A.B. asks: 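The structure that follows is given in the form of structure tokens.
Worth saying up front: this structure is predicted, and the values here are computed from it rather than measured. Whatever order the structure lists ligands and atoms in, that order sets their numbers, starting from 1.
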Amino acid sequence: MVADVGRILIDRETIAKRVAQLGKELAHDLEHELGHSGGTPEQVVFVPILTGALVFTADLIRELNLKLSLRVVAVSSYPGTSVESKGAKLAGELPRDLAGKHVVLVDDILDSGQTLGLINELVQQQRPASVRICVLLKKPPEVRKREVHAHYVGFEIPSEFVVGYGLDYDGYYRNLPDIGVLKPEAIEAGSAGGKA
Ligand code: IMP
Ligand code: MG
């Protein structure tokens, strides 16, 4: 698996340091928000967008010394061997109890913006007390098909297809500890999938 990676873009130590910083920023801002609005910790809900945000969320939430709950949402946008978004589709149910909550939407990467644009729109309809968007990676604004403001961004990266630390190609490579670019020979059309 590691042999398929042509180049490491962000190594595991760099990721860990940045995730710890993001966790501290989020904890600080959420505590401030709760203090300001007279809110209770029970109101803090993290919503990871599966499957890509799984690894990032697992590390991120353990950096927050704060009472919080988790509600997952699944979206599919890169079916099979596609390296271009085919548009976001909700796969399964959206959490239904977000009214009055301080919601943090977490995703692995902001690319075309269609995934977070869709989830943000659906979540806003439930009238949460606040919504924050946190992504580990962000591609340049030129690739955006839908405008989305991410309040917390781990790293800005070039418009390249990356894998590792939760991000997949055709469902694989999510368990790579570093984030990297695949060798061209590892990217080949043909096999079917359907993973987000
Ligand atoms: P968007 O809807 O185009 O913003 O894409 C968001 C989703 O597409 C992410 O949650 C990822 O699952 C996937 N994605 C976007 N860019 C990449 C990439 O470079 N590698 C792997 N998955 C990606
Ligand atoms: Mg995803």
A.B. asks: For ligand 1, is there an N or O atom under 3.5 Å from any N or O atom of Gly113?
C.D. replies: yes
A.B. asks: Per the ring-ring contact (aromatic ring centres under 6.0 Å, His included) rule, what does the pair list look like for residues 36-56, sequence neighbours excluded?
C.D. replies: His32-His36
A.B. asks: Counting from 1, what ligand 1 atoms have a heavy atom of Lys139 closer than 4.0 Å?
C.D. replies: 16 (N), 17 (C), 18 (C), 19 (O)
A.B. asks: Which ligand 1 atoms does Ser112 reach within 4.0 Å, using its non-hydrogen atoms?
C.D. replies: 1 (P), 2 (O), 3 (O), 4 (O)
A.B. asks: Could you report the tightest heavy-atom contact between Ala129 and His102, atom names first, then the distance?
C.D. replies: CB-CE1, 3.5 Å
A.B. asks: Considering non-hydrogen atoms only, spot the tightest contact between Arg146 and Leu118 and give its length.
C.D. replies: NH1-N, 3.6 Å
A.B. asks: Please verify whether a non-hydrogen atom of Val162 lies at under 4.0 Å from ligand 1.
C.D. replies: yes
A.B. asks: Under 4.0 Å from a heavy atom of Ile109: which atoms of ligand 1 are those, numbered in the order shown and with their elements?
C.D. replies: 6 (C), 9 (C), 11 (C), 14 (N), 15 (C), 16 (N), 17 (C), 23 (C)
A.B. asks: Taking only Lys NZ, Arg NE, NH1 and NH2, and the carboxylate oxygens of Asp or Glu, determine whether Arg174 and Asp168 approach each other closer than 4.0 Å.
C.D. replies: yes
A.B. asks: Can a donor-acceptor pair be found, under 3.5 Å and without considering hydrogens, that links the side chain of Thr57 to the backbone of Ala53?
C.D. replies: yes
A.B. asks: Distance under 4.0 Å to a non-hydrogen atom of Asp111: what atoms of ligand 1 satisfy this?
C.D. replies: 1 (P), 3 (O), 4 (O), 5 (O), 15 (C), 16 (N)
A.B. asks: Any side-chain heavy-atom pair from Asp108 and Thr51 closer than 4.5 angstrom?
C.D. replies: no
A.B. asks: Leu110 to ligand 1: N or O pair under 3.5 Å?
C.D. replies: no
A.B. asks: Which of the numbered atoms in ligand 1 are under 4.0 angstrom from any heavy atom belonging to Glu160?
C.D. replies: 19 (O)
A.B. asks: Go through the structure and list residues passing side chain to side chain contact (heavy atoms under 4.5 Å, CB included) with Val2, not counting sequence neighbours.
C.D. replies: Leu176
A.B. asks: Indicate, as side chain, backbone, both or neither, the part of Thr115 found under 4.0 angstrom from ligand 1 when only non-hydrogen atoms are considered.
C.D. replies: both
A.B. asks: Which bit of Asp108 gets closer than 4.0 Å to ligand 1, counting heavy atoms only: side chain, backbone, both or neither?
C.D. replies: side chain
